[in-house]
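First up is the structure itself, then whatever we jot down about it.
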Amino acid sequence: MKSSIADLLRQAIDGLPDLDDAPEFASLSTTVERARDPRHGDFASNVAMRLAKAAGRKPRELAAEIIERLPASELVAKVEIAGPGFINFHLGPAAFHREVEAILEQGADYGRGERRDTPRVLLEFVSANPTGPLHVGHGRHAAYGATLGNLLEAAGYPVAREYYVNDAGRQMDILGVSVWLRVLEREGIAIPFPQAGYRGAYIRDIAAAVDAAALAKVTADDVSSGLPADGPDGDKEAHIGALIDRAAELLGEDGFLALRQQALESILDDIRDDLAEFGVVFDRWYSERSLTDEGRIDAALEVLKKRRMLYTKDGATWFRATDFGDEKDRVVVRENGKRTYFASDIAYHYDKRQRGYDHLLDVLGADHHGYVARVRAGLEAMGYAGDDLEVQLVQFVTLYRGGEKMQMSTRSGEFVTLRQLREEVGNDAARFFYVMRSNDQHLDFDLELAKSRSNDNPVYYIQYAHARVASVFRQLAERELEFDAKAGIAALDRAVEPQEKALMSTLSRYPEIIELAASNRAPQHLVHYLRDLANEFHSYYNAHTFIVDDDALRNARLALVTATRHVIGSGLAILGVSAPDSM
RNA sequence: GCGCCCGUAGCUCAGCUGGAUAGAGCACCUGCCUCCUAAGCAGGGGGUCGCAGGUUCGAGUCCUGCCGGGCGCACCA
């Protein structure tokens, strides 16, 4: 609808003689927007004001000329100049009737953007370290990323979703040691648990599933003799480091590897199930360790080396990140010969591009923002555009219970898991609340509010609108009447009530909202839109009866109601929230 | 110290890439079920858009500088 108006404007402006050099308005849709005030019509354009200077004309004069050149359209009832030079479009009823018809025809597809082949988007999100269950912070990443993926797809982009599994490095060793010690503990071999170990209850669960016989042929003394003191008095990092070495020694490299692998798989299974239950599904789980195994890190470093982007200093290999705007150069190979995490990340992002994805969209925690510049630098150094990488940062979540802030501490194991949250408030409320706020805003998540089955809760408000529609149709069937969509569309000119006009106008905004929310990476636009739509539906519901005796009027109203159901259902699906038929 | 994000109604937040008189929800008042689900509707009060400059026909939105809050500044991942 909006693009039709923009098309009309473009035709009018293309013919203007003294405006040949205004290429920045190639995309005129940016100058057309919904009028905020109904008195200003349905759409307004500021294009005359924006072009006035380049044309050396007065805005209102230019506007008048543009209006004169506007091709006739059956959509537009009236065009007028207003204020400093706005061009206001008043659409005729037929324009909205046509949209309602389109919704009924297209159903769930209404509002989707035209499918395109590029850019191919690789959306990476969650990617939580597989060292424990997901907590409420990861939940926000999951909900945001999944919704973003749905939005991008709805807008027409090809999207692949990926979870980067940090299954390499020291944290896996620490995980292995933590499980090992819990296994020994079960076997009656008590060793003080290291400060730097993972002490959550889930470690004990994993330990319980381990075949202990082979691991238990050691004494407490074998394990802990001669270790450097643990924190807080000693060095907890040195302590756990020595424990890791001890584990490899006593279990053998293979034995320790198997233990780590079992722990990793157990945790990954849990994460996978958790996310699947939350409606969050990935196309691929990409193993960090596979980068090493398949030589991709070496390959990436080789590319950098060939491009003279590496140098050696203090025994380490450095990447010239400052050449690409980073604040300092970064180590990729440590003095001890081990590659840094950053080296993996360069290789990973390089691989993403190599696999043919043009646009790399990473959803990261706000605490990772310092990381963006160097990964982008890495891509540029390998010959790709820095803009190929886009990072959306997600701010932290604070849990409240009825206004009371809940303390969370990973160290003590007293964090609320995503699973607990989902069980308490339900998947729908969780998905909804997570994306209700802008991702770069801190989120206060109130458990009581999310759970409340009252009118305080915006999830139910929207779902209720959907359920009400279904209920209307149950009533219709009970009265042995049928909805005739064709007759309804034909009779839409009977829908002249203020609530009907408002509803039609809002329904027709849906495609614009999809586009807006997708391009701004801002699911909250969709949330607010659905709330508005539900609001208008509820108002309509209260003001007028749908199932009336007059066949034409009844079918017209039911056409509107059906269109509302389609759009709410489609919008909720994008949010990953169910659209119930009864509540 | 440097970098990123945030500051809008009593509270929690939107604000469509610079538009016309700044909007929701909650909370607080007043009404509405003989009628398709009252998890609903109708109406009301409530604002120095952190502060100060600047750009512009026009600034909550862009620029600069302050103030306040969060996060980050590893040869950890």
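We name chains A, B, ... by the order of the sequence lines, and we start the count at 1 in each one.
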Quiz item: What distance, rounded to whole Å, do you find between the two P atoms, one in B:G44 and one in B:G23?
Solution: 13 Å
Practice problem: In whole angstrom, give the distance that lies between atom CG of A:Asp549 and atom C1' of B:C35. | Solution: 13 Å
Exercise. Taking atom types as modelled, find out whether A:His544 and A:Glu500 have a side-chain donor-acceptor pair closer than 3.5 angstrom.
Key: no
Self-check item: Residue A:Glu288, side-chain atoms from C-beta onward, closest of B:A77, B:G72, B:A24
Solution: B:A77
Quiz item: Would you say the side chains of A:Asp428 and A:Tyr460 form a donor-acceptor pair under 3.5 Å?
Solution: no
Quiz prompt | Contacts of type side-chain hydrogen bond (donor to acceptor under 3.5 Å, both in side chains), residue A:Arg260, not counting sequence neighbours | solution = A:Asp173
Exercise. Pick base, sugar-phosphate or nothing for A:Asn88, based on heavy-atom distances below 4.0 Å to the nucleic acid.
Key: base
Quiz item: Choosing from B:C41, B:A77, B:A74, which nucleotide comes nearest the side chain of A:Asn166?
Solution: B:A77
Quiz item: Under 4.0 Å: is that the gap between some side-chain N or O of A:Ser539 and OP1 or OP2 of B:A42?
Solution: yes
Quiz prompt | Between B:G7 and B:C11 - P atom distance, rounded Å | solution = 15 Å
Self-check item: Distance-only donor-acceptor test, A:Asp367 side-chain atoms vs B:G72 base atoms, 3.5 Å
Solution: no
Quiz item: Is the base of B:U34 syn or anti, if syn means a glycosidic angle within 90° of 0?
Solution: anti
Quiz item: Does one side chain, of A:Ser438 or A:Asp440, offer a donor that lies under 3.5 Å from an acceptor on the other?
Solution: yes
Quiz item: When rounded to the nearest Å, what value does the distance between C1' atoms of B:G60 and B:C73 take?
Solution: 31 Å
Quiz item: With no hydrogens and no angle check, do the side chains of A:Thr131 and A:Gln171 hold a donor and an acceptor under 3.5 Å apart?
Solution: no
Practice problem: Report the nucleotide, chosen from B:C36, B:A38, B:G19, that has the shortest atom-to-atom distance to any side-chain atom of A:Ile547. | Solution: B:C36
Self-check item: A:Gln475, nearest nucleotide to its side chain (from B:A20, B:C36, B:C75)
Solution: B:C36
Quiz item: Which part of the nucleic acid, if any, lies within contact of A:Ala366, taking any heavy atom under 4.0 Å across all strands shown: a base, the sugar-phosphate backbone alone, or nothing?
Solution: sugar-phosphate
Quiz item: Using Watson-Crick and G-U wobble pairs whose two distances are both under 3.5 Å, how do you write the pairing of RNA chain B as dot-bracket, with | for links to another strand?
Solution: (((((((..((((.....[...)))).(((((.......))))).....(((((..]....))))))))))))....
Quiz item: Does A:Arg554 have a side-chain nitrogen or oxygen under 4.0 Å from the phosphate oxygens OP1 or OP2 of B:C36?
Solution: no
Practice problem: Check the pair A:Tyr198, A:Leu175 against side chain to side chain contact (heavy atoms under 4.5 Å, CB included), reporting the backbone distance first and the verdict last. | Solution: CA-CA 7 Å; A:Tyr198 300 123; A:Leu175 177 65; 4.1 Å; yes
Quiz item: On a whole-Å scale, what distance lies between the C1' atoms belonging to B:G15 and B:C49?
Solution: 11 Å
Self-check item: Residue A:Lys328, side-chain atoms from C-beta onward, closest of B:A77, B:C75, B:A74
Solution: B:A74
Exercise. Would you indicate what A:His544 reaches in the nucleic acid, counting non-hydrogen atoms under 4.0 angstrom: base, sugar-phosphate, or nothing?
Key: base
Quiz prompt | Nearest-angstrom distance from the residue atom CD of A:Glu478 to P of B:C35 | solution = 14 Å
Quiz item: How long is the line joining OH of A:Tyr461 and P of B:A38, in whole Å?
Solution: 13 Å
Quiz item: Are A:Tyr164 and A:Tyr348 an aromatic pair by the rule of ring centers under 6.0 Å?
Solution: yes
Quiz prompt | Rounded C1' spacing from B:A14 to B:C32 in Å | solution = 29 Å
Quiz item: Can any side-chain N or O of A:Asp167 pair as donor or acceptor with the backbone N or O of A:Glu288 at less than 3.5 Å?
Solution: yes
N/O-N/O pairs, protein side and nucleotides 8-15 of chain B side, under 3.5 Å:
unit_1 : atom_1 : unit_2   : atom_2 : d
B:U12  : O3'    : A:Asp444 : OD2    : 3.4
B:U12  : O2'    : A:Arg437 : NH2    : 3.2
B:C13  : OP1    : A:His442 : O      : 3.2
B:C13  : O2'    : A:Arg437 : NH1    : 2.6
B:A14  : OP1    : A:Ser438 : N      : 2.8
B:A14  : OP2    : A:Gln441 : NE2    : 3.0
B:G15  : OP1    : A:Gln524 : NE2    : 3.4
B:G15  : OP1    : A:His525 : NE2    : 3.4

Quiz prompt | Among B:A77, B:U17, B:C41, the one nearest A:Tyr341 by side-chain distance | solution = B:A77
Quiz item: Contact class for A:Phe473 vs. all strands (heavy atom < 4.0 Å): base, sugar-phosphate, or nothing?
Solution: nothing
Quiz item: If you measure from CG on A:Leu364 to CG on A:Leu393, what distance do you get to the nearest 0.5 Å?
Solution: 6.5 Å
Quiz item: Roughly, in whole Å, what's the span from CZ in A:Arg34 to P in B:G19?
Solution: 17 Å
Self-check item: Candidate nucleotides B:U21, B:G19, B:C36, ranked by approach to the side chain of A:Arg479 - the nearest
Solution: B:C36
Quiz item: Taking atom P in both B:U55 and B:C16, what distance in whole Å separates the two?
Solution: 24 Å
Self-check item: Listed nucleotide nearest any side-chain atom of A:Glu327, set B:G72, B:C73, B:C75
Solution: B:C73
Practice problem: Describe the nucleic acid contact of A:Tyr371 in one word from base, sugar-phosphate, nothing, applying a heavy-atom distance below 4.0 Å. | Solution: base
Quiz item: For the pair made of CG in A:Leu533 and P in B:C16, what is the distance, rounded to whole Å?
Solution: 20 Å
Exercise. Give A:Asn535 one of three labels, base, sugar-phosphate or nothing, depending on what nucleic acid heavy atoms sit under 4.0 Å from its own.
Key: sugar-phosphate
Self-check item: Set of side-chain hydrogen bond (donor to acceptor under 3.5 Å, both in side chains) partners for A:Asp362, sequence neighbours left out
Solution: A:His349, A:Lys352
Quiz item: Is the Lys NZ or Arg CZ of A:Arg565 less than 6.0 Å from the centre of A:Phe473's six-membered ring, within 45° of the axis?
Solution: yes
Self-check item: Basic-acidic side-chain contact under 4.0 Å: A:Arg320, A:Asp329
Solution: no
Quiz item: With syn defined as a glycosidic torsion within 90 degrees of 0 and anti otherwise, which applies to B:C33?
Solution: syn
Practice problem: Using the P atom on both, measure B:G43 against B:C6 and round to a whole Å. | Solution: 35 Å
Quiz item: Is A:Ala82 touching bases, backbone alone, or none of the nucleic acid, heavy atoms closer than 4.0 Å?
Solution: base
Quiz prompt | With A:Pro194 via side chain to side chain contact (heavy atoms under 4.5 Å, CB included) - residues at least two apart | solution = A:Leu181, A:Asp230, A:His239, A:Ile240, A:Leu243
Quiz item: Counting side-chain heavy atoms from CB outward, which of B:U17, B:A39, B:C36 is closest to A:Met583?
Solution: B:A39
Quiz item: Would you say the side chains of A:Ser508 and A:Arg34 form a donor-acceptor pair under 3.5 Å?
Solution: yes
Practice problem: For the side chain of A:Phe86, starting at C-beta, report the closest nucleotide among B:A20, B:C75, B:C41. | Solution: B:A20
Quiz item: Within a radius of less than 6.0 Å around CG of A:Asn336, do more than 12 heavy atoms belonging to other residues, nucleotides or ligands occur?
Solution: yes
Quiz item: What is the nucleic acid contact for A:Ala373, judged by heavy atoms within less than 4.0 Å: base, sugar-phosphate only, or nothing?
Solution: nothing
Practice problem: Would you indicate, yes or no, if B:A77 has its OP1 or OP2 atom less than 4.0 angstrom from a side-chain nitrogen or oxygen of A:Tyr348? | Solution: no
Exercise. Looking at every strand, decide which applies to A:Ala44 at a 4.0 Å heavy-atom threshold: base, sugar-phosphate, or nothing.
Key: base
Each nucleotide N or O in nucleotides 31-34 of chain B that has a protein N or O under 3.5 Å away: list the pair and distance.
none

